[in-house]
Amino acid sequence: MTATEANGGGTILELEDVHTFYGSIHALKGITIEVREREIVTLIGANGAGKSTTLRSINGLNRPRRGTIRFQGQVITDAPAHKIVKMGIAQSPEGRRLFPRMSVLENLQMGAFQRSGKDKDLHSDLDRVYTLFPRLAERKSQMAGTLSGGEQQMVAIGRALMARPKLLMLDEPSMGLAPIFVERIFDIIREINEQGTPILLVEQNAMMALDVAQRGYVLETGTIALADEAKALRQNEQVRKTYLGEE
Amino acid sequence: MAEEAAPTESSPLRPGRAARFIPRSPVGWLGLLFVALIVLWLGRNLVADPSEFFSIFFIGLTNGAVYALVALGYTLVYGILQLINFAHGDNFALGGLVASTVIVSWFGLGGDPSTGAVVVGIAVALVIATAFSSALGTTIELVAYRRLRNAPRLAALITAVGMSFILQDIGLVGWGVSFRTIDPLISNDVAFSIGDVGFQWNKLTVLALTVPVLLVLTWLVRSTKQGKAMRATSMDMDAAAMMGINVNRTISFTFALAGGLAGAGGLLYFLHFSSIRYDTGFQLGLIAFTAAVLGGIGNLSGAVLGAILIGLIEQFNEGLPLWSPGSDWTRSIVFGILIAILVFRPEGLLGERTPEGG
């Protein structure tokens, strides 16, 4: 914990001047963001602005070429993806990426893969997920590939929670969902956060994202265009025009 | 018992599964007609000489068991990397050559050795051949395929073909151009008979070694943590990494497993067919690959089913007394099946059409 305190104000995740490439494409051009304990922080921006790339830089699937990423004070810039999960960063990826030919239950169990925990823990974690998403308890033996989009999203979030993350990253959790499901998902996001998990939320639905988050960053073509309290961003003229679709 | 060659048409399947085999097109009906003719042909031969029929069936089953060990390696690797590891057949051959060295040069088995010496010799050869091919498989992945994981598939495929030639050359340099041969180590005395049909020791031994391997493999993939990691990695590599699975290690493990099976297969091939050389793996690899495709590539039970079917088809073709095309046609028939499957049912007998597998 001393490391956290030394970082001041309980910062759990810090990105400092992160540059990430896809082949020769310079996707992130010096991103600096932070997530503090108990916070919901959102990254908003247009398609291709670098939101998902930011998450892939953090989770080790696309290592930055320059810059530093620190998690709980430890540098994780070059750590392999599976170690980063073990340290406590779990993710519900864009497009859900469930294991289609595994059941709902098996998918959830995969979320707890890296924990050499006892079965008792696993049960209480499953209970927690089923309490958040009662629908999943009904569908637990169904193949994940046959679920509806909303149900798949529930599994993806539930699967990430099974890792008992110290930081939860959600990539486009509302994408492709019916409006009623979108509301429900955002309620759940708030609920998970209130139970103590900080969340880094990537969203195209800027309205909902800024509603649920405390702070936000606006990404534009690989750079941070704006960084502020979520409330302030909601009032910002530019944001209203570009991302909230207001005139 | 005449249905053996076509269990998919006639075994009592659940209605949902059986429905998949009801033809949906004229070509499908032609296929069904063809299968019906084969069943008739088998039935006619069965009636004509049951004991001959079953003895041929038993040889085919044993050959199929050896093919299965190799076919599983293709299917395991394809399942996880969508790569057809053409070097796999040559890994099998090198495993067999290593086994031949252990059995012939180290233990000096041959002629008329004692049962004890044979058992020890085979056990040691099994351990060494399995370990050798396992290590070789992992090394090939590390050296040749790992860096190409995100490259176009064709690049990895060409590399696999290249690797195949390299392994053949290693076999050629290490063991020479002539066949390594051995007198049959295990007697072909009849162990027991059911009616007129005798079950011989040498074939029983092959089955006794293969069946437990298949059972252990099934358990490993279905029920262990490593198996779960393999299944998850095969479905979605990035998502698997996000679960904390060490994807590189999982892939290495898969290659080790496939290699180990190839090594065991090499030993059994040497014992069963009594001769092996540097290029044996080329043709046998293609046969095993055909078996994997026939069963549904990426599907473990499919690989075993396909291998046994190919083993039976070969033997029926070469051995049945009435109206069989004969051994000149065996290769044409086997690869004809490969083409027919690729054209008409690319997902194989047990495979399912999956978005990622096509």
Side-chain angles (χ1 to χ4, degrees), chain A residues 22-23 52 55-56 58-63 79-103 105-117 122 143-146 152 155-165 168-171, chain B residues 16-17 75-76 78-80 82 142 146-152 155 218 221-254 296-302 347-348 350-358:
Chain A
Y22 276 119
S52 292
L55 296 195
R56 288 177 70 88
I58 298 167
N59 69 19
L61 287 176
N62 202 339
R63 283 181 202 163
H82 64 274
K83 291 229 166 103
I84 290 173
V85 180
K86 205 158 196 162
M87 292 173 79
I89 302 182
Q91 178 176 359
S92 158
E94 184 180 359
R96 297 129 199 169
R97 307 291 286 268
L98 300 183
F99 301 111
R101 279 159 282 131
M102 287 189 190
S103 68
L105 177 63
E106 282 178 300
N107 266 278
L108 293 176
Q109 285 168 339
M110 288 311 299
F113 183 87
Q114 37 76 36
R115 262 176 34 215
S116 42
L122 209 63
M143 287 292 136
T146 65
Q152 290 198 7
V155 179
I157 296 175
R159 187 177 66 173
L161 286 176
M162 291 296 290
R164 293 206 177 164
L168 178 63
M169 304 201 294
L170 302 175
D171 198 347
Chain B
R17 294 199 81 158
T75 240
L76 278 168
Y78 183 86
I80 213 154
Q82 284 77 52
L142 198 66
R146 183 162 295 187
R147 286 176 171 280
L148 295 174
R149 206 174 286 163
N150 297 317
T218 309
V221 173
R222 294 243 168 97
S223 312
T224 66
K225 198 166 179 182
Q226 189 66 56
K228 280 209 164 154
M230 283 170 66
R231 284 171 59 209
T233 305
S234 74
M235 286 183 222
D236 190 328
M237 216 176 272
D238 278 359
M242 287 182 209
M243 301 299 111
I245 291 168
N246 186 337
V247 169
N248 280 335
R249 209 181 60 195
T250 304
I251 291 172
S252 291
F253 178 82
T254 306
I297 192 135
N299 181 313
L300 295 185
S301 332
E347 73 274 26
L350 298 188
E352 280 168 32
R353 284 199 176 89
T354 53
E356 72 270 29

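Just the heavy atoms: all of them, side chains too, but no hydrogens, waters or symmetry mates, feed the values below. Each chain gets a letter, A, B and so on, in the order its sequence line appears, and its residues count up from 1.
Of the listed residues (A/K86, A/K83, A/R159), the greatest number of heavy-atom pairs within a distance under 4.5 Å of chain B belongs to A/R159. Counting heavy-atom pairs closer than 4.5 Å to chain B, the top residue among A/M162, A/E106, A/Q109 is A/E106. Ranked by heavy-atom pairs under 4.5 Å with chain A, the first of B/N248, B/N246, B/N150 is B/N246.
Put simply, the side chain of A/F99 reaches to within 4.5 Å of the side chain of A/M110, judged on heavy atoms. Side chains of A/I58 and A/Q91 form no contact here, defined as non-hydrogen atoms less than 4.5 Å apart.
Nearest approach of B/S234 to B/G79, heavy atoms of both residues: CB-O, 3.0 Å.
Using a 4.5 Å cut-off between heavy atoms, A/R96 makes no contact with chain B at all.
B/T254 pairs with exactly one of B/V221, B/T233, B/L76 by the side-chain contact (heavy atoms from CB on, under 4.5 Å) rule, that one being B/L76.
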